[in-house]
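Okay, structure first, notes after.
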Amino acid sequence: MDSELIENRLRAMDIRLPEASDPAAKYANFVIVNGLMFVSGKGPHGNPKGKLGIDYTTLEGYRFAREAGLEVLAVVKSALGSLDRVKRVVKVQGFVNASADFEEHHKVLNGFSDLMMDVFEDKGLHARSVFGAVSVRDNLPIIVDSIFEVEA
């Protein structure tokens with residue numbers, strides 16, 4: 001297998017990963033246990049503030065979820081040295097900071113899921129859950145945490 005398969009795919013899609021962000025408090029960015037990499041919750045780059053359904057549209061939320069995905073990928077790459085060490089995306093949980101009447105949480109989290117499929121193709125298909133939240137840290141519009149199966 002080409003050792004830079006994922007990197008080549010990212011370049012072809014004109015995707016540049018940010019530097020891996022530091023944790024927002026006293027916790028690890030990731031933990032690897034028995035071949036599973038648990039990545040702590042990440043939000044969109046630039047730390048936008050506000051709620052879906054009030055401050056942002058579903059489409060803007062989709063873009064924020066995709067940005068959160070880029071943040072997650074940056075952590076994974078920083079930890080593993082290469083995204084090619086990802087065997088598959090296993091589980092994704094999204095926490096959407098939304099108004100009480102907002103009902104398109106699943107469409108927002110598609111921004112993250114679509115990115116994982118674009119980057120990892122079939123290995124990007126994952127189980128997921130999405131929740132509406134009355135508040136999240138720093139009033140971010142979305143936070144996503146994820147689990148990857150990785151090569152040792």
Side-chain angles (χ1 to χ4, degrees), residues 1-11 13 15-52 56 60-98 102 104-152:
M1 173 193 276
D2 181 355
S3 65
E4 300 242 348
L5 181 65
I6 301 297
E7 292 298 322
N8 291 338
R9 192 172 299 132
L10 291 173
R11 276 191 290 280
M13 293 184 291
I15 294 174
R16 291 176 188 84
L17 297 181
E19 291 294 317
S21 59
D22 293 326
K26 300 260 185 215
Y27 58 85
N29 250 349
F30 67 92
V31 173
I32 299 174
V33 177
N34 297 326
L36 294 177
M37 180 179 195
F38 298 79
V39 180
S40 295
K42 293 292 177 186
H45 186 71
N47 295 317
K49 311 286 186 213
K51 291 187 177 290
L52 276 290
Y56 300 111
E60 289 170 312
Y62 176 96
R63 291 181 186 135
F64 290 142
R66 185 175 176 89
E67 288 176 14
L70 295 173
E71 294 284 332
V72 166
L73 292 177
V75 168
V76 173
K77 182 179 177 185
S78 176
L80 300 178
S82 171
L83 292 175
D84 290 310
R85 291 185 54 203
V86 172
K87 290 183 175 181
R88 88 167 290 134
V89 182
V90 176
K91 173 75 175 180
V92 171
Q93 290 186 351
F95 302 89
V96 178
N97 187 7
F102 186 77
E104 296 188 326
H105 308 81
H106 61 293
K107 292 179 181 179
V108 168
L109 193 54
N110 282 345
F112 187 100
S113 296
D114 289 348
L115 176 66
M116 295 301 117
M117 292 296 296
D118 290 345
V119 171
F120 297 109
E121 297 179 329
D122 291 343
K123 297 186 303 182
L125 187 61
H126 52 271
R128 79 175 200 186
S129 303
V130 62
F131 307 95
V134 67
S135 68
V136 299
R137 73 168 169 82
D138 299 329
N139 198 29
L140 293 170
I142 186 169
I143 293 177
V144 182
D145 67 22
S146 46
I147 303 170
F148 296 81
E149 181 183 13
V150 297
E151 293 176 1

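This is a predicted model, so every value here is computed, not measured.
- Among residues two or more places apart in sequence or in another chain, the side-chain hydrogen bond (donor to acceptor under 3.5 Å, both in side chains) test is passed with Glu121 by Arg9.
- In summary, the side chains of Lys51 and Asn139 do not present any donor paired with an acceptor at a separation below 3.5 Å, with no hydrogens or angles considered.
- Proximity of Val39 to Val144: side-chain heavy atoms (C-beta onward) are nowhere separated by under 4.5 Å.
- Between the Asn97 side chain and the Ile142 main chain, no donor and acceptor come within less than 3.5 Å of each other.
- When each of Asp84, Val86, Leu5 is paired with Phe120, the side chain to side chain contact (heavy atoms under 4.5 Å, CB included) condition holds for Val86 and for no other.
- Qualifying side-chain hydrogen bond (donor to acceptor under 3.5 Å, both in side chains) partners for Arg63, counting only residues two or more places apart in sequence or in other chains: none.
- Taking 4.5 Å as the limit, every side-chain heavy atom of Lys42 sits out of range of all side-chain heavy atoms of Asp145.
- Among residues two or more places apart in sequence or in another chain, the side chain to side chain contact (heavy atoms under 4.5 Å, CB included) test is passed with Ala28 by Val31.
- To the nearest 0.5 Å, atom CD1 of residue Ile32 and atom CD1 of residue Ile147 are 13.0 Å apart.
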* To do: Apply the test side chain to side chain contact (heavy atoms under 4.5 Å, CB included) to residues Arg128 and Asn110: give CA-CA distance (whole Å), side-chain angles for both, the deciding distance (0.1 Å), then the verdict.
  => CA-CA 10 Å; Arg128 79 175 200 186; Asn110 282 345; 3.0 Å; yes
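- Residues Phe112 and Ser146 have side chains in contact (heavy-atom distance under 4.5 Å, counting atoms from C-beta outward).
- Aromatic rings of Tyr56 and Phe64 (six-membered ring for Trp) have centroids within the 6.0 Å cut-off, being under it.
- For the pair Lys107/Val96, no side-chain contact is recorded, criterion being any heavy-atom separation below 4.5 Å from C-beta on.
- Note: Glu104 CD to Leu109 CG = 13.5 Å, rounded to the nearest 0.5 Å.
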Side-chain donor-acceptor pairs under 3.5 Å in residues 87-94, sequence neighbours left out?
from  : atom 1 : to     : atom 2 : distance (Å)
Arg88 : NH2    : Leu125 : O      : 2.4
Lys91 : NZ     : Ser129 : OG     : 2.8

Please output the side-chain donor-acceptor pairs of residues 70-80 that fall under 3.5 Å, not counting sequence neighbours, one pair per line with the distance.
from  : atom 1 : to    : atom 2 : distance (Å)
Glu71 : OE1    : Ser21 : OG     : 3.4
Glu71 : OE2    : His45 : ND1    : 3.2
Lys77 : NZ     : Glu7  : OE1    : 3.3
Lys77 : NZ     : Glu7  : OE2    : 3.2

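- Taking Tyr62 as the reference, Asp114 meet the side-chain hydrogen bond (donor to acceptor under 3.5 Å, both in side chains) condition, with sequence neighbours excluded.
- In this structure, Gly124 and Met117 approach most closely via the heavy-atom pair C-SD, 3.4 Å.
- Rounded to the nearest 0.5 Å, atoms CG (Leu140) and OG (Ser135) are 11.0 Å apart.
- Residues Pro44 and Pro141 are in side-chain contact: their nearest non-hydrogen atoms beyond the backbone lie under 4.5 Å apart.
- Defined by atom type and a distance below 3.5 Å, a donor-acceptor pair is missing between the side-chain atoms of Arg137 and Asn47.
- Classified by interplanar angle (parallel below 30°, tilted 30° to 60°, perpendicular above 60°), the ring pair Phe131/Phe95 is parallel.
- Interatomic distance, Lys123 NZ to Ile6 CD1, rounded to the nearest 0.5 Å: 5.0 Å.
- Arg85 places a side-chain N or O within donor-acceptor distance of the main-chain N or O of Glu151, the cut-off being under 3.5 Å.
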